[in-house]
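Below is one structure, written out as structure tokens; comments come after it.
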Amino acid sequence: MSTSVVLSVTPRDPLDPDRFTGEVPADIAAALAAAGQPPPPGLWCPRNGPVRLLFQLSGPDRVAAGQRLVDEMSFMEYEADLSLSP
């Protein structure tokens with residue numbers, strides 16, 4: 001059974017989900033590329049709070065890569081977390 005790993009990041013500038021073009025901030029895209037992860041995001045639009053970017057991580061080390069990316073996003077002053085599901 002494979003574990004699904006999703007990185008969730010709150011961008012610094014608020015996103016309008018109706019006008020989102022799929023563009024990811026350059027520093028986030030660079031961190032994902034350095035970790036060998038695909039950049040196309042999904043969006044999460046909670047009832048309360050800002051719209052967040054969602055990245056489905058892949059590869060055999062996706063959990064470790066996700067943990068490193070959360071640390072890196074926090075260092076870059078983004079709010080980020082990791083979701084794991086079986």
Side-chain angles (χ1 to χ4, degrees):
M1 185 182 299
S2 181
T3 300
S4 176
V5 180
V6 177
L7 174 68
S8 173
V9 181
T10 303
R12 289 188 191 106
D13 297 323
L15 291 175
D16 178 349
D18 295 327
R19 296 177 185 229
F20 183 65
T21 63
E23 187 174 337
V24 176
D27 53 350
I28 294 175
L32 288 164
Q37 296 300 320
L43 293 181
W44 176 39
C45 305
R47 290 184 185 190
N48 296 323
V51 173
R52 300 191 82 185
L53 298 169
L54 300 178
F55 301 94
Q56 179 75 40
L57 305 184
S58 62
D61 296 328
R62 62 189 167 278
V63 174
Q67 292 168 336
R68 286 190 303 273
L69 284 165
V70 167
D71 291 343
E72 190 167 348
M73 295 297 140
S74 295
F75 179 75
M76 294 188 301
E77 299 182 354
Y78 286 101
E79 182 181 326
D81 55 56
L82 201 60
S83 297
L84 307 173
S85 58

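Residue numbers count from 1 along this sequence.
- Applying the salt bridge (charged side-chain N to carboxylate O under 4.0 Å, His left out) criterion to D13, with sequence neighbours excluded, gives no partner residue.
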Which donor-acceptor pairs under 3.5 Å do the side chains of residues 79-86 make with protein atoms, sequence neighbours left out?
from : atom 1 : to  : atom 2 : distance (Å)
D81  : OD2    : R52 : NH1    : 2.9

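- Partners of P25 according to the side-chain contact (heavy atoms from CB on, under 4.5 Å) rule, which considers only residues two or more places apart in sequence or in another chain, are D27, I28, L53, Y78.
- A donor-acceptor pair under 3.5 Å links the side-chain atoms of R62 to the main chain of G59, judged by distance alone.
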Does the pair V24 and F55 meet the rule for a side chain to side chain contact (heavy atoms under 4.5 Å, CB included), with working shown?
CA-CA 11 Å; V24 176; F55 301 94; 4.0 Å; yes

Which pairs would a plain distance check flag for residues 34-47, meaning a side-chain donor or acceptor within less than 3.5 Å of a matching protein atom at least two apart in sequence or in another chain?
from : atom 1 : to  : atom 2 : distance (Å)
Q37  : OE1    : S58 : N      : 2.7
Q37  : NE2    : S58 : O      : 3.0

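- By the rule that hydrophobic residues join a cluster once side-chain heavy atoms approach within less than 4.5 Å of another member, M76 and V9 end up as members of one cluster.
- Counting heavy atoms from C-beta outward, L7 and L32 have side chains that approach closer than 4.5 Å.
- Legend: residues meeting side chain to side chain donor-acceptor pair (under 3.5 Å) with D61, ordered by chain and number and at least two apart, are absent.
- With sequence neighbours excluded, the residues that form a side chain to side chain donor-acceptor pair (under 3.5 Å) with Q56 are S4.
- Going from atom CG of L15 over to atom OG1 of T10 covers 9.5 Å, rounded to the nearest 0.5 Å.
- Both V63 and V70 belong to a common hydrophobic cluster when Ile, Leu, Val, Met, Phe, Trp and Tyr are linked at side-chain heavy-atom distances under 4.5 angstrom.
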